[in-house]
Amino acid sequence: MEIFRKLAFWRRRPDFDAGLDDEIRFHLEERADALERGGLSRPAALLQARREFGGVARVAEETRAAWQFPWLEDLFADLRYAARALRREPAFLSVAVLSLALGIGVNTAIFSLTMEALMSTPSARNPSELVWARLGGSSHIGPAQLRFVQDAKVFPGVAGLREDGDINWRRGDETQRLFAMRATDNLFAMAGIPVYLGRGLQAGDQDAVVITHRLWRGKLGSDPGIIGRTLILDGRPHIVVGLLPENHRTLMGLGLDPDLYAPAINNDSLQLYLRLPPNTTPAAAYQRLHAVAASLDQAMPARDFHYANDLRLTRVTGLERLTAEREVSLFFAMLMFVVTLLLGIACLNVSGLLLARASSRAQEFAVRASLGAGQGRLLRQLLTESLLLALAGTVAGLLLNLALTRFISGLTLENLPLPIAFRISPDWRLLGYASAIATASAVFVGLVPAWRASRAKAGDALKQGERQVSGKLTLRRVLVVAQVATSILVLTTAILFARNLLRSVSINPGFDLNQTLYVSLRLVPDRYPNAPGRNALAAQAGDLLRATPGVVSAATTGMIPFNDDSTYGGNLYVDTSASPVRMRRHVNRVGPGYFRTLGVPVLAGREFVKDGEEGAIVNESFARLAFGDVPPVGHTFRYGDTTQTIIGVVRDSKYAWFSDHQRPASFTSYSMGAGASNEAILRFMVRAGVHPESLVRPLRRRMLDVDPSMAVEVKPMRRATGMALLPSRVGAGLLGAMGALGLALTGIGLYGLLSYSVARRIREIGLRMALGAGAGSIRRLIFSEGAWLVGLGLAVGLLASALLTRPLAQFLVDGLTNTDPLTYAAVTALMLLAGATACAVPARRALRIHPLEALRYE
Amino acid sequence: MPNPELLPGTLYLLVLRTLALGPLHGYAIARRIKECSGDFLLVEEGSLYPALNRMLVKGWLTSEWGVSESNRKARFYQLTEAGRARLAQEDHDFRRMVRAIELVLDNA
């Protein structure tokens, strides 16, 4: 192979050079011998031989070239030259690298976050073979059905997992609620989940748990002898059999970060996970599952429900999972879009700088061209320089990425119903993405200046750079306009989210946030195995709450506003119409006095007066959609086999999200179920006559008096809106930072252009001053140039924003649209301010020009 | 008057053919080509040595140091198997080309 022979050459290059000298000398001497024989004197013969041979150095050089890699050598030469050229201009270099580093750092950090949130690979053996199966469209199935699928033996592995299992941990006098994943005893073996110490759950495990690294380090003091230690969970001693590694990621993904895994309780319904045989196509897997589901329908027929309908298989890795999480994916897609814009602004900045540099280097290029450098060679030189810049920017950007992702990994999101954490570490995906970004930036940054340079005529440039007058829309100005427009788009998004956050915090949710608290009691299921026992406890706890001084009223509820949600879809039949009404409605079970406690007005009829009462209460939107103008009290609606008579109508309010707007809702009377996991939580809304914070401790103490094994949570509603505010909060925080960054970069770009333009127009300005132009008119000259660019960019940017931010509407609270005038006014004001700042310094410099010096300036 | 311009692409062929009889040093290769062509073809040193090295890179030749008839240290080039195969190929191609050109010149 030639390349190996060439490579081997490099090792013995000194030998080669010495040998080549010898060889040429030998040649000359032989020729001289021949000439001497022809009658010349020795010195004359040697001279003649040398003359015939031509340039010895040239021959040696060309001979060596046979062994070299010309393009590589050229590249090195270009790189060396580029590095030297860049080093000569430290100010340019630092602004360019800083711009790129910010753009690339933020971009890759969001990329890392997105990858971790949406595409992280679960900790499992061959995770690509694992799928989450939904039978009959439901996310969970009962244990009997799960066993049926296991016994069918058509899949190499079948296991169940449940994500929202609370467990009470008794620790001295304290009872804490831990977040447990409930798993069938074969899950660890089936999925091949790696364990750091000890072992996973296995068949026969009853009171055994596998704990996560977070719990171990955070609450168990990193005890090295943890395996075999006992924790009192739900009133019974449980043995810690295993400790998970720090980088454990659940099968469910999305950053879910539980405290421990415990065996599933008998009547828990579970998510169904299957291991497919290697290389199974989705269609084949679907067919297998369909056969099992069809026989399940025969074995366990259920009314109006077929397991074989609406089957869904979702791989736990890769893109497929995104389709299962549309809203979250959309949110991250938006973030990625915004950071791409941001990188675009940074690139435009560098592009503009390069252009300015190219025009001041026009003479250098003209000289090189007239000395014989080809057009292609010069282009390559320019692209090499931008590549070098992009590389430097990427390296600096990756450092920024590490700092940012480390910061994000350290964050814990407060006030969420589920523990979520993102543990981001750099990986090959980031490296691949960063290289792609670096290349793209290099091309993007270098293309315009290179194209411009390729059109330059050597002759023109040699004649002392042309002096620009004003007004023309040069390439650089186009870049700045693009920059202004892009950062308008980023700013609009940022301010929309900030406005959304502010509005959410101050919005009237339709109930009283200020004087209410929630109390949540998580029972040990074994202590209250049946519904009557639980309802008795509910009654006792409710009486105690109401008897606490400072409490106005208290009511049971199935869901705490802004913390829980449940939606029913499907057809609804009302007695006033023959055709069904389709609506997706929020549903809840509430006790007597619930609406009074929350401060939600009852518009017609009445509230429930006792638990377990017949009838339903609906909200205004439900009434309007289902009954139109007919007063609904006394009428009935039916879904499936259930018919409800409406006993009251209440005003609309927010239920789960601040963006809830005219969301239909129906309420039935409260009673507790006997389920194991999620139904073992008893919830109350409490209305305080005093400051709610002052009630937190007394209420908590009273509840623990009822039963110290309960995990008690008491929180004023003001502080309990974390989940509902999460999208706005994350959006406003991240996007606000990006908006500021984009604005700063654009300011730098504008400033660079204007200073450059002042520098080029020194003579013109000097002349104007000499002819009597005042400070005002000079200032106007500079500001009008800036105003032109900003104005044009603003127009384009605002228009683009109005069109492109439309998908954001679903994150916004009602009353706020993506064309919110105040947002656009704020964006305009900010941009004008940034523009004015960017103009001010060059304008001052222009005013300091001394007419005489300027006229001499050449 | 000898014509110093070789037909393009023929230098490799001439060098390979010259070496077919045995190892030679660079000066001898140039001299042999000149003599065998009746002093018509002159190989420029400026193209001979780069060509020899390109042929080394391609693996058609190997080289080693030896002593010339004039008792000087010289570098001798030798055909490899690949070089021999290449010679056969180039020889065949070149003769076919020349015959074809002759046919056109004679008959067209």
Side-chain angles (χ1 to χ4, degrees), chain A residues 1-40 42 45-73, chain B residues 1-2 4-6 11-12 15-16 18-19 23-35 39 41-83 85-86:
Chain A
M1 293 300 292
E2 288 182 31
I3 185 144
F4 294 123
R5 279 192 283 273
K6 280 191 182 185
L7 288 178
F9 163 79
W10 286 100
R11 262 204 341 237
R12 39 184 193 79
R13 179 164 170 173
D15 293 350
F16 175 86
D17 284 344
L20 191 60
D21 289 346
D22 288 346
E23 190 170 19
I24 291 172
R25 197 178 318 116
F26 167 75
H27 187 107
L28 294 174
E29 283 174 359
E30 289 286 305
R31 179 64 188 149
D33 286 355
L35 290 168
E36 214 175 344
R37 281 195 293 278
L40 284 178
R42 182 71 194 172
L46 268 176
L47 204 64
Q48 172 71 14
R50 203 170 274 280
R51 203 173 296 131
E52 284 175 13
F53 195 88
V56 171
R58 189 177 57 88
V59 173
E61 186 52 44
E62 280 177 15
T63 307
R64 202 176 291 113
W67 294 96
Q68 290 169 344
F69 303 90
W71 58 269
L72 198 65
E73 309 246 317
Chain B
M1 177 66 201
E5 291 274 319
L6 287 178
L11 181 58
Y12 287 162
V15 172
L16 288 169
T18 317
L19 290 173
L24 289 175
H25 49 72
Y27 180 73
I29 295 172
R31 206 182 52 203
R32 176 76 60 80
I33 293 175
K34 184 176 171 233
E35 285 167 3
D39 286 353
L41 296 176
L42 277 186
V43 179
E44 269 188 72
E45 291 84 350
S47 33
L48 176 64
Y49 287 98
L52 283 170
N53 279 276
R54 278 196 294 273
M55 291 160 85
L56 284 172
V57 170
K58 289 178 193 294
W60 299 343
L61 308 181
T62 55
S63 72
E64 60 186 41
W65 291 95
V67 179
S68 72
E69 314 92 82
S70 56
N71 220 5
R72 290 195 182 100
K73 197 178 129 198
R75 197 175 190 199
F76 285 81
Y77 295 88
Q78 187 168 14
L79 279 191
T80 61
E81 270 315 303
R86 183 73 195 186

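Just so we're on the same page: letters track the sequence lines, and every chain starts at 1.
A salt bridge between A:Glu61 and A:Arg64 is present, with a side-chain N of the basic residue lying under 4.0 Å from a carboxylate O of the acidic one.
The minimum heavy-atom distance linking B:Leu61 with B:Thr80 is given by the pair C-CG2, 3.7 Å. When every heavy atom of B:Lys34 is checked against every heavy atom of B:Leu42, the shortest pair comes out as CD-CD2, 3.4 Å.
Annotation: side chain to side chain donor-acceptor pair (under 3.5 Å) contacts of B:Arg54 (sequence neighbours excluded): B:Tyr12. B:Glu69 meets the side chain to side chain contact (heavy atoms under 4.5 Å, CB included) test with B:His25, B:Arg31; sequence neighbours excluded.
Identified by a heavy-atom distance below 4.5 Å to chain B, the contributing residues of residues 25-34 of chain A are A:Phe26, A:His27, A:Glu29, A:Glu30, A:Arg31, A:Asp33, A:Ala34, in residue-number order. Chain A is approached within less than 4.5 Å, heavy atom to heavy atom, by B:Ser70, B:Arg72, B:Lys73, B:Ala74, B:Arg75, B:Tyr77 from residues 70-79 of chain B, ordered by number.
For the pair B:Thr18 (side chain) and B:Ile29 (backbone), a donor-acceptor distance under 3.5 Å is absent.
Taking CG of B:Asp39 as the start and CD of B:Glu35 as the end, the distance is 7.5 Å to the nearest 0.5 Å. The structure places CG of A:Leu46 at 10.5 Å from CG of A:Leu40, a figure rounded to the nearest 0.5 Å. Atom CG of residue B:Leu24 and atom CD1 of residue B:Ile33 lie 9.5 Å apart, to the nearest 0.5 angstrom.
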